[in-house]
Each structure stands twice: as C-alpha cells, then as structure tokens.
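One structure below.
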Amino acid sequence: MSPVILAARDIDYVYPGNVQALQGLSLDIEQGRKLAVLGPNGSGKTTLLLHLNGTLKPRRGEILLDGRPAAYDRRSLNIWRSRVGLVLQEPDDQLFSASVYQDISFGPLNQGLSAAEARERVRLALAALHIKPLAERATHMLSFGQKKRVAIAGILAMRPEVLILDEPTAGLDAQGVAQLLTVLEEQRRAGATLVFATHDMDLAYTWADVVAVFCDGRVLRQGETVAVLSDRELLQAARLKMPWLLEVAQALGELEQPPRSQEALLELLRQSHSSPVTVQTPLPDPPPQGGRELLQNSYLAYSPSPCGRGLEGGG
Amino acid sequence: MHLTDQHAWTNRWRRYHPAEKLLLAGGLLLLSITLPPLTTAPVVLLVVWLATVIGAGIPAAALARFIAVPSAFLLTSVPFLVLSVSSSQGIAFSPSGLETALRVVARSLAAISSMAFLTLTTPVIAWTPLLRRLGVPQAIVEIMLLIYRLIFVFAEQAVTASQAQAARLGYDGIRRSLHSLGLLVASLLERSLARMRRLEIGLAARNFDGELRVLQPTYALSLWRLALIGSTLLAVAAVSLLGNQLLAKAMT
C-alpha cells in the first residue's frame, strides 16, 4: 500500500445554524493514487474538500498530513496549502486577476518565490495545461472551459503534491473532459496525487484507482474502484448509480476483470461475437413502464431515511 | 464598454509601453487645447486615425463609436452658442457665435479623439505599474483591478438573471418591470456577497495573505518610437500654426 499523504480521522463539522455537514468522516489519500470521492449533490463533498486544505477546521477529529495532525497557524497553513492544492468547482470563484498570466503568478509569488522563479512557474503551468496562447488574454474573455484550465494552472504553478479538484468535469463538453483528463494524467505521471470530488459515476469508474463513497457527511466505504462500485447495495444506500460499464459487465456475467473503458468493453464484445460468451446470469428485468412505478423502483427515489443505515463498519 | 475593452486587450499596440501611448495622447491633447482649434483639430484627428486604425489595427467603426457618444453631448450645446438672445432683437442668429461654436466643437473633438486612442489601445493591466509609479497606494490599485474583474462577472450574472426573469414574463408592463428589477438587484447583492466569500476561499487556497501580488507585465521603452512620437507632435504643431497663418491671410 502506498503511504498515506493526507487523511481525515473521524471528523465532524457543523455549519452555523446547526446544519450537520460531516459526521465521523474518515478518508485516506494515498500517495500517487487517483482517488474519486463520490457522493450525490449536497452530500457535503465540498465541505470535506475545504477541510483537506485547512479552509475549514473540524469541530471534532483531525486532519493528518504525513501522519501528523495538521496545525492551523498561518505558517503551517501556508506550507499545507503549498502541498495540497484545491481547485474550486466554479473558476470565477478563483480567478481574481484581469489577465491570465497575472492570475497564475499569484500563488508562486505568495510562496515567496522571486519574480524570475514565478515567471518560470507560470511558463511551465501554461505549458502543462496547453494554454500558452491564452497567457496575454483578459480573464473575462475566456470560455468556461478555458477559465477552468487557467484555474487549475494557478494551482499547478504552486507545485502541490496533492491536487484536489471539486467537480472538475462539471460544465465541460466531452472534448473538454478528455483534454482535462489528459492534462491531469500527465501531472500524475510527474508524481502528483490526484483527488476528484464528483457525482459522475462513469468518470470515477474509468478514472480512479480508489473510490470513497460518500453520503450524508461520512464515507460509507473506501477501497479499490471495481470492488466498491460493484457493491449494488452500498451504491443504493448512497443514492448513487452503478457505472454503466459495470452494469453491462454484470449483465454479461461475472467477469474476472470487468472492462474499465468503453474500448475494453467493445473489444470484449468483439471477441465474444466470434465465440459467443454464454451469459451466466439472466439479464435484469426491463425497467417498469409506469411513471410512478418507475420512480418508486428507481435508485433516484427519494429516501427520507439517512443513507447507510445497516452499513456500519464501511469506510 | 465591453467592445472598447476587448480592443484594448487585443490590438497590435498592446505590448507597447503605456508611457509611449500616454505621451502621444497627452501631447495631442495639450496641442488641441493650446493651439488654434480650426487648424489643429483636423491634423489631430488625422494622427489619431493613423495611430488607432492603421497602427494599432482597431476598426475605424470602433473609434467612431467611441468619439460619437461624447460628441452627442457636444452637439446639444451648439444651438446655444450660435443663437444669441437680446432684448432688442429677441432670439437671433449670431455670426460670431457660429465661429465660437465651430472652435468649441473642433477643440472638443480633437481632445476626445486623443483620449479615445489611449483608451482603445491600452489594456487595464498596463496601467497598474504606471499608477504605482505615480504614487497611488497598492491597496487602491488592487481594489480597482478587483472591481474591474468583478464588473464582468456580475454583468454576466445580471444579464442571465434578467433574461430568466423576462422568460417568465417579469418585464411585462411598468409595474411588474419595476418589481422584477427590485428583485434582481436584491438577488445580485446577495449573490455578490456569496461570491466574495467563495473568492476568499479560492484565494486562501493560494496562500493569500492580504496583498494581491502578481507579476507585472514588462514593457520596453523604444527610443525609436519616442522619437517618432516627438516628431509627430512637432509636425502637428507646425502644420497647425502654418495653416492658421494661411487661414488668417486668406481671411483678410
């Protein structure tokens, strides 16, 4: 197992007005592995991320950096945030400067680098995200996808060991998502540890090494992607949907290694076409037709009880 | 404003030292104010057109639009200069008034156009180092730039929100329009505050410590361009004065 670089231990957080956001949450971020934190909207994913870079301080429990409890004084926070970079979901919440170049230079200068060093960092960050032509542009003239990349470049320029992204693919088109994933893969190869918070199950399945299923303020289970996402009961409890690739794989029978990408699935189907795979388990029943019935049977049905009851011990 | 700003960011002269542009614009402004307007204005307009359209590559229409707005105010004052009111004649046309009006219009147009050149060719980030050098406190400059950035964010929000209101018939009739506008303003205020809180989080993630330090663009002063600007200004003055003499001779 890779060393745990950043961890949350049993943290509680309550928003003003007694809104319980996190409740006994624990999470491990292992060095060099891609982690997806999965949860429905409003489950507290963003609150968790804000704990991971010290923006919020847990009411109970602690955040561990390299196994040591993190401190919240100014100096420690500066070191912490230099090591753990957080990219917010909405790039306009992060880009404050009139020009792209200036905005990216902000973090490195705050780290106390000289102008020459900062210049170099900006150059490399622009290159890493393939946005060199945007350097001299005005921030407000960029498209959403471009803004997103500039926001990421602003964090990358600080050379964080852990790069945390809140809903990184939200609002991006298919090509934008593909480009973003390529860029991040390059960062991972260069040694960065990546964390996504997302509700996109299909993305998490194809992308992550490890997933943490998150619901109503705590992590129900964290583990290897395929193992965790094959657990239908768990996903139902967390009001999440099984990734379609896994859904198809399960319909095809208990495969030793379910396909992790669309290409892998197509390859599998092509092979089975020449020598037909015997479907070992019956195909699931077709979905019911009536609207009310559909809603009741669907994982989307509103469940008034908190998720994860009866799943104690997960996580 | 959006279009003007866009030209400032993208024109061919954006990388030139702002002091050079300031020298040209300021020089032209000074000449327009001090020299006889009837002969100066056409030369100044010509130089501005050459610099903005031919030099910086900004469409002539953008320049014209920039000049047109203040010119509208200018034209409204013309009748009051041309007509004179006296107890004996009532309201009457005055020939000396016509000449005054012409002078005022020419002088103002020249002054406006030299400012138009400066505004259309200089992006906001070019001003920061200059403002700092002029002794404007860092905090003020930062607030200016932040406001500049947020204007665009909020303008976008305002447009989207008002479109959404209009889609639900919020602007049907004066009463409802006023009501909707009130709601819009209130929601924008709330959203701005929420956005500021989130921006604070975003900045904190990059170790914000109270000062918005960023790399300033560097510009190189070019002796060649400075010489060109100097000689242009001299030429404008010479042509204007010479023309004025010829004009005076022709009048007598």
Side-chain angles (χ1 to χ4, degrees), chain A residues 46 49-50 52-56 74 77-82 84-119 121-122 135-142 147 151 154-155 157-158 160 164 166, chain B residues 1-12 14-15 122-129 141-157 159-160 191-219:
Chain A
T46 302
L49 300 192
L50 293 178
L52 293 178
N53 88 333
T55 304
L56 296 178
R74 227 181 86 180
L77 277 176
N78 275 351
I79 298 171
W80 185 351
R81 288 169 184 165
S82 291
V84 179
L86 173 62
V87 180
L88 302 178
Q89 178 177 351
E90 175 61 55
D92 273 336
D93 290 343
Q94 204 170 316
L95 305 175
F96 72 93
S97 180
S99 100
V100 169
Y101 193 91
Q102 293 194 335
D103 204 279
I104 299 176
S105 73
F106 179 65
L109 288 176
N110 285 336
Q111 288 178 305
L113 298 179
S114 71
E117 286 170 308
R119 228 167 261 289
R121 289 282 185 94
V122 176
E136 281 190 24
R137 293 275 194 86
T139 317
H140 60 264
M141 292 199 282
L142 305 178
K147 277 185 190 168
I155 296 292
M158 297 174 76
I164 303 177
D166 194 0
Chain B
M1 180 203 151
H2 232 96
L3 269 176
T4 305
D5 179 73
Q6 201 161 331
H7 289 305
W9 280 93
T10 52
N11 73 85
R12 276 202 292 266
R14 63 180 183 276
R15 283 200 198 87
T122 321
V124 66
I125 50 162
W127 292 112
T128 28
V141 176
E142 278 178 11
I143 290 172
M144 276 175 51
L145 285 170
L146 213 50
I147 290 175
Y148 170 83
R149 164 86 184 100
L150 291 175
I151 281 174
F152 292 99
V153 175
F154 293 142
E156 207 178 293
Q157 248 172 22
V159 169
T160 320
R191 281 200 236 177
S192 315
L193 289 173
R195 187 173 285 278
M196 287 325 291
R197 277 193 291 271
R198 294 200 304 268
L199 186 61
E200 224 179 304
I201 293 171
L203 292 180
R206 289 194 281 166
N207 289 350
F208 175 57
D209 62 357
E211 198 185 324
L212 295 171
R213 267 181 306 264
V214 291
L215 285 176
Q216 295 303 337
T218 49
Y219 300 98

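Letters go in sequence order (proteins before strands), and every chain restarts at 1. These figures come from a predicted structure and were not determined experimentally. When reading the values below, keep in mind they use all heavy atoms of this one structure, side chains included, and skip hydrogens, waters and symmetry mates.
- Only the side chain of B:R15 has a heavy atom closer than 4.5 Å to any heavy atom of chain A.
- Of the candidates A:L109, A:L77, A:I79, A:N78, A:N78 is the only one forming a side-chain contact (heavy atoms from CB on, under 4.5 Å) with B:N207.
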Would you please test A:F96 and B:V214 for side-chain contact (heavy atoms from CB on, under 4.5 Å) and show each step? CA-CA 11 Å; A:F96 72 93; B:V214 291; 3.7 Å; yes

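- Looking at B:R206, its side chain does come within 3.5 Å of a backbone N or O of A:Q94 through a donor-acceptor pair.
- For B:L150, no part lies near chain A; criterion is any non-hydrogen pair under 4.5 Å.
- Inter-residue side-chain proximity for A:S105 and B:R213 is flagged as unmet; no heavy-atom pair is nearer than 4.5 Å.
- Closest approach of B:T218 to A:R119, counting heavy atoms only: CG2-NH2, 4.3 Å.
- Atom CD of B:E156 is separated from atom NE2 of A:H140 by 10.5 Å, given to the nearest 0.5 angstrom.
- Within the model, atoms CE of B:M196 and CG of A:D93 stand 10.0 Å from one another, a figure rounded to the nearest 0.5 Å.
- Proximity to chain B (any heavy atom under 4.5 Å) is shown, for A:E136, by both the backbone and the side chain.
- If you measure heavy-atom distances from A:V87 to chain B, you find no contacts under 4.5 Å at all.
- Residues B:R149 and A:D103 are not paired through a salt bridge, judged by the lack of any N-O separation under 4.0 Å between the basic side chain and the carboxylate.
- For chain A, no part of B:E142 is nearby; none of its heavy atoms comes within less than 4.5 Å.
- Taking the side chain as every heavy atom from C-beta outward, B:W9 and A:M141 approach each other to under 4.5 Å.
- Atom CD of B:E200 has 12 or fewer neighbouring heavy atoms from other residues, nucleotides or ligands inside a 6.0 Å radius.
- Heavy-atom distances place no part of B:P123 under 4.5 Å from chain A, backbone and side chain included.
- The distance from atom CD1 of B:I201 to atom CG of A:L49, rounded to the nearest 0.5 Å, is 11.0 Å.
- The OG atom of A:S97 lies 7.5 Å from the CD1 atom of B:I125; values are rounded to the nearest 0.5 Å.
- A:T139 contributes atom OG1, which lies 8.5 Å from atom OH of B:Y148 (distance to the nearest 0.5 angstrom).
- Using a 4.5 Å cut-off between heavy atoms, A:S99 contacts chain B through both its backbone and its side chain.
- In this structure, B:F208 and A:F106 have tilted ring planes: the angle between them lies in the 30° to 60° band.
- Rounded to the nearest 0.5 Å, atoms OG1 (B:T128) and CD (A:Q102) are 5.5 Å apart.
- When A:G54, A:A157, A:A151, A:G154 are compared by the number of non-hydrogen pairs under 4.5 Å with chain B, A:G154 comes out ahead.
- With a threshold of 4.5 angstrom between heavy atoms, A:N53 approaches chain B through side-chain atoms but not through N, CA, C or O.
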